[in-house]
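From a predicted model like this one, the values you see are computed outputs, not experimental measurements. Residues take their numbers from the sequence shown, with the count starting at 1.
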Amino acid sequence: DGLTWTGSSSAQLDANNLRNKDVFAYDPRTFEFFGGVNRGGSVVLMRKEVAPNIHDKSKPQIVIGAIDGTRTWAQLLLWGVDELDWNARFVVGYPGTSSLVLAVRRGEVDMIATSNIEMLQSLLKTGDFVGLSQYGQMEDGKIVARSSFPDVPLVSDQLEKANLTGLAKETFKYWVSTLQYDKWYALPPKTPKDIVAAYKAAWAKTSKDAKFLKEGSLQFSRDFRPMTGQDMLDIVNVTAYPKDEYLDHLANMRVKYGLP
């Protein structure tokens, strides 16, 4: 009837969660998405003093501070270590991003990642850090660098040079797709088409509203971007129920490098 809609985060669309049918008793591919937002993807920073070590295995390994292996930025670093042969190792167990920022400031670890623009900029302003990689964000159907960090390479570009093949290539393509949504908004399945159209039209108008865009940029970052309902549905159709082999490949990489 158009009186009920829901909004949530990527966790409710995560394939690992959707596998558990006893808890997640819905199929997000049936949702009537009318919009979403992306606040900007994670950016990897490392201390300048260890930057020469990243491709030189004769030098000490770069220490990556991590919470666990479920964070997408930690998985980005897994791809770098596994496929780009980055000279780095993980130290896990930090309780949160704030503790990681403190650890990298102290020199306790050499590399971290976050999407939080205030934390990223505070580190870069010291002059002690340099960007290594980012997973960017979707804009007009393409993955582009965050406008706040245009000079930090996209991991998709970096991995393209690695000439991935077979299962690794397929898994990476799937994994990159999972990074492109953040917050989403949808009506229930089988909502009448005219009501869905009205919501989509209202969201399209909101997405171009200068005040809305300004408030989003101020609250999150200048990388704040609205997404259409079709954007959301296209991504969910690819990522909600992937081949088990893709999830197993990601899980095996985590085990290989000691990420729980």
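Between the side chains of S9 and Q12, at least one donor-acceptor pair of N or O atoms lies under 3.5 Å. Counting only N and O atoms by type, the side chains of R222 and S217 include no donor and acceptor under 3.5 Å apart. For the residue pair E108/Y94, the side-chain donor-acceptor check at 3.5 Å is satisfied. Using a 3.5 Å distance cut-off with no hydrogens or angles, the side chains of Q158 and S133 do pair a donor with an acceptor. N116 and T114 form no side-chain donor-acceptor contact under 3.5 Å, judged by distance and modelled atom types alone. In this structure, a donor-acceptor pair under 3.5 Å is absent between the side chains of N38 and Y181.
For an aromatic pair to be called close, the ring centres must be under 6.0 Å apart, and F33 with Y199 fails this.
Between W184 and F31, the ring planes are tilted. Angles from 30° to 60° get that label. Note on ring orientation: taking the six-membered ring where Trp is involved, the planes of W175 and Y135 are perpendicular (angle over 60°, cut-offs 30° and 60°).
R19 has a carboxylate O that lies under 4.0 Å from a charged side-chain N of D244, or vice versa, which qualifies the two as a salt bridge. Salt-bridge formation is not detected for the pair R39/D223: no Lys NZ or Arg NE/NH1/NH2 atom is positioned less than 4.0 Å from an Asp or Glu carboxylate oxygen. Salt bridge annotation for R29-D27: present, with a cationic side-chain nitrogen under 4.0 angstrom from a carboxylate oxygen.
Heavy atoms of other residues, nucleotides or ligands lying less than 6.0 angstrom from NZ of K193 number 12 at most. Atom NZ of K169 sits in a sparse spot, with 12 or fewer heavy atoms from other residues, nucleotides or ligands closer than 6.0 Å.
Every salt bridge (charged side-chain N to carboxylate O under 4.0 Å, His left out) that E49 has, sequence neighbours left out, goes to R47. R254 is linked by a salt bridge (charged side-chain N to carboxylate O under 4.0 Å, His left out) to nothing, counting only residues two or more places apart in sequence or in another chain.
In this structure, the side chain of T126 does not engage the main chain of S122 through any donor-acceptor pair within 3.5 Å. Between the side chain of S207 and the backbone N or O of W203, at least one donor-acceptor pair lies under 3.5 Å. The main-chain N or O of G69 is found under 3.5 Å from a side-chain atom of Q75 such that the two form a donor-acceptor pair. Listed for the D68 side chain is no donor-acceptor partner under 3.5 Å among the backbone atoms of G93.
Expressed to the nearest 0.5 Å, how far CZ of R146 lies from CG of L154 amounts to 12.0 Å.
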